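Every heavy atom of this structure was used, including side-chain atoms; hydrogens, water molecules and symmetry mates were not. Source: prediction; values computed, not measured.
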Amino acid sequence: MKSKIYDSPAAALDGLLFDGMTIMSGGFGLSGNPESLIPEVRKSGVTGLTVISNNAGADGFGLWMLLESRQVARMISSYVGENKLFEQQYLSGELELELNPQGTLAERIRAGGAGIPAFYTKTGVGTVVAEGKPVETFEGQEYVRETWLRADLSIIKAWKADPAGNLMFRKTARNFNPNMATAGKVTVVEVEEIVEAGALDPDCIHTPGIFVDRIVRSTINEKRIEKLTTRAREDAA
C-alpha cells in the first residue's frame with residue numbers, strides 16, 4: 001500500500017493544482033490554518049480559484065497570500081473580518097464573494113461530505129441570504145433551501161496524524177477542518193506531529209483516515225494571536 005506521508009508541502013500538492021479549481025481551506029481566524037500548504041499554492045501560480053473558507057486570513061497571513069497574488073477569483077465565506085485586502089478587492093468588484101451565515105457555511109460543508117445535496121434552514125429567511133433560493137414552509141415556519149459545498153481539494157491542518165491518516169485536532173484549531181476533510185475530492189493535511197500506527201487512542205480520533213489522502217509534516221507553526229488583549233497589572237494602577 002502506498003504511503004500517505006509526503007516529504008514536503010510542495011510534494012504533497014504535486015499534481016493536484018489546476019486553474020479554476022475549488023479549494024477548501026480550514027481555519028477560523030488565525031487558528032487551524034494550513035499555513036504550510038497555502039504558500040505552495042501561491043508558488044504554483046494557479047489562478048481563477050474559488051476558495052471556500054470561513055475567512056481569508058489576516059493581513060500578511062494565511063489566504064491573504066493568495067488574495068495578494070490575485071489568484072483567487074471567488075470566495076465562499078462567512079466573515080470578511082479584519083482583512084483589508086479582502087474588503088478592498090470585494091468592494092472594487094475584483095473579487096466575487098458569496099457570504100454565508102457561519103452555521104450555514106459549516107452545514108453546507110458537512111452536507112457535502114455526507115452526500116446530502118440540499119437542506120433547509122431558518123437562518124437567512126427574509127434577508128438577502130435567501131434571494132433566489134427556494135423557500136418552503138414546515139410546521140408553519142418558513143425555511144430557505146441551501147445546497148452542499150464540495151471541493152476539488154481540501155487543505156487542512158491537524159495536530160497529530162498516524163500513517164493511515166487518522167487525525168486529532170487541538171482545541172479551537174479543530175473548527176472547520178474535520179468537515180472539510182470529508183468534502184474534498186482529495187484531502188491534504190499538514191500536521192504538527194506524525195505518530196506511529198496505534199499510538200492514537202481510537203476514541204480520540206476526530207477524523208478517520210479514510211477521508212485523508214496525503215499527509216505532510218507542517219513547516220510553519222506560528223500560532224499567531226489575531227488580537228492580543230491583556231489586563232493591566234494591578235501595581236501599574
### Close side-chain approach of H206 and L167, heavy atoms under 4.5 Å
no
### Task
Please report the closest heavy-atom contact between A164 and K4, naming both atoms and the distance.
O-NZ, 2.8 Å
### Query
Is the shortest heavy-atom distance from the side chain of N54 to the side chain of S78 under 4.5 Å?
yes
### Query
What heavy-atom pair brings D19 and G45 nearest, and what distance separates the two atoms?
OD1-O, 4.4 Å
### Query
Under the 4.5 Å side-chain heavy-atom rule for ILVMFWY, direct or indirect, which residues accompany I210?
F211
### Query
What's the spacing between L85 CG and Q88 CD if we round to 0.5 Å?
6.0 Å
### Short side-chain to backbone donor-acceptor contact, N83 and A56, under 3.5 Å
yes
### Task
Return the set of residues passing side chain to side chain contact (heavy atoms under 4.5 Å, CB included) with A106 (not counting sequence neighbours), or none when no residue passes.
F176
### Message
Suppose we screen for ring pair (Phe, Tyr, Trp, His ring centres under 6.0 Å). Which residues come up paired with F18, at least two apart in sequence or across chains?
### Response
none
### Message
If you count every heavy atom of other residues, nucleotides or ligands that lies below 6.0 Å from Y143 atom OH, does the total exceed 12?
### Response
yes
### Query
Taking a hydrophobic cluster as the set of Ile, Leu, Val, Met, Phe, Trp and Tyr residues connected by side-chain heavy atoms closer than 4.5 Å, whether directly or through intermediates, do M21 and I52 fall within one such cluster?
no
### Task
Kindly state each residue pair satisfying ring-ring contact (aromatic ring centres under 6.0 Å, His included) with at least one member in residues 56-107, sequence neighbours excluded.
none
#### Entry: Carboxylate-amine/guanidinium proximity below 4.0 Å for R217 and E192
no
### Within-4.5 Å side-chain heavy-atom neighbours: P39 and M65
yes
### Under the side chain to side chain contact (heavy atoms under 4.5 Å, CB included) test, residues paired with E40 that sit two or more places apart
P9, A10, L13, K43
### Message
Just verifying a value: how many Å separate L37 CG and S218 OG, rounded to the nearest 0.5 Å?
### Response
9.0 Å
### Query
Just wondering, are more than 12 heavy atoms of other shown residues or ligands nearer than 6.0 Å to CD in E193?
yes
### Task
Using modelled atom types only, decide if a donor and an acceptor are shared between the side chain of N177 and the backbone of G32 within a distance under 3.5 Å.
yes
### Task
Determine the minimum heavy-atom distance between S53 and S77, stating which atoms define it.
O-OG, 3.0 Å
### Message
Checking side-chain polar atoms at under 3.5 Å, does D213 have a donor or acceptor matched by the opposite partner on T187?
### Response
no
## Note on the structure
For E139, the salt bridge (Lys or Arg N to Asp or Glu O under 4.0 Å) test, sequence neighbours excluded, returns none
### Task
May I ask whether M180 and W148 are part of the same hydrophobic cluster, defined by side-chain heavy atoms of I, L, V, M, F, W, Y residues being less than 4.5 angstrom apart, directly or through others?
no
### Task
Could you tell me the separation between the CG atom of N179 and the CE atom of M24, rounded to the nearest 0.5 Å?
9.0 Å
#### Entry: Within-4.5 Å side-chain heavy-atom neighbours: V188 and L153
yes
#### Entry: Side chains of I215 and I194 in contact at under 4.5 Å (non-hydrogen atoms)
yes
#### Entry: Pairs meeting criterion salt bridge (Lys or Arg N to Asp or Glu O under 4.0 Å) with involvement of residues 173-190, two or more places apart
D152-K185, K157-E190
### Query
Quick one: does V51's side chain get under 4.5 Å of T22's, heavy atoms only?
no
### Summary
Rounded to the nearest 0.5 angstrom, the CD1-OG1 distance for I23 and T50 is 9.5 Å
### Message
Taking atom NZ as the centre, does K84 end up with more than 12 heavy-atom neighbours from other residues, nucleotides or ligands that are less than 6.0 angstrom away?
### Response
no
### Message
Tell me whether the count of non-hydrogen atoms from other residues, nucleotides or ligands lying under 6.0 Å of CZ in R70 goes above 12.
### Response
yes
### Query
Do the side chains of V80 and M75 get nearer than 4.5 Å, heavy atoms only?
no
### Gap between atom CD of E35 and atom CD of E222 - 0.5 Å precision
6.0 Å
### Query
Hey, does the side chain of S36 reach the backbone of I220 with a donor-acceptor pair shorter than 3.5 angstrom?
yes
### Message
With clusters defined by side-chain heavy atoms of hydrophobic residues (ILVMFWY) lying less than 4.5 Å apart, directly or transitively, does I156 cluster with V216?
### Response
no
### Query
With no hydrogens and no angle check, is any side-chain donor or acceptor of S31 less than 3.5 Å from a backbone partner on G27?
no
### Task
Show which residues join W159 in its hydrophobic cluster (side-chain heavy-atom contacts under 4.5 Å, direct or indirect), or state none.
M168, V195, L200, I205
### Message
Same cluster or not: F169 versus V212, using hydrophobic residues (I, L, V, M, F, W, Y) connected whenever any side-chain heavy atoms lie under 4.5 Å apart?
### Response
yes
### Task
Would you mind reporting whether K160 and V191 have side-chain heavy atoms less than 4.5 Å apart?
no
### Query
Which pairs pass side-chain hydrogen bond (donor to acceptor under 3.5 Å, both in side chains) with one or both residues in residues 6-15, sequence neighbours excluded?
Y6-R214
### Task
Under the side chain to side chain contact (heavy atoms under 4.5 Å, CB included) rule, collect the residues that match up with E98, sequence neighbours excluded.
R74, I76, N100, R108
### Pairing residues for P134 by the side chain to side chain contact (heavy atoms under 4.5 Å, CB included) criterion, not counting sequence neighbours
R145
### Query
Are any side-chain N or O atoms of Q71 and backbone N or O atoms of V46, one a donor and one an acceptor, separated by less than 3.5 Å?
yes
#### Entry: Cluster check I155, L149: I/L/V/M/F/W/Y, side chain < 4.5 angstrom
no
Can I get a per-line list of side-chain donor-acceptor pairs under 3.5 Å for residues 113-124, giving both atom names and the distance, sequence neighbours left out?
residue : atom : partner : partner atom : Å
Y120    : OH   : E136    : OE2          : 2.6
T121    : OG1  : T123    : N            : 3.2
K122    : NZ   : Q141    : OE1          : 2.8

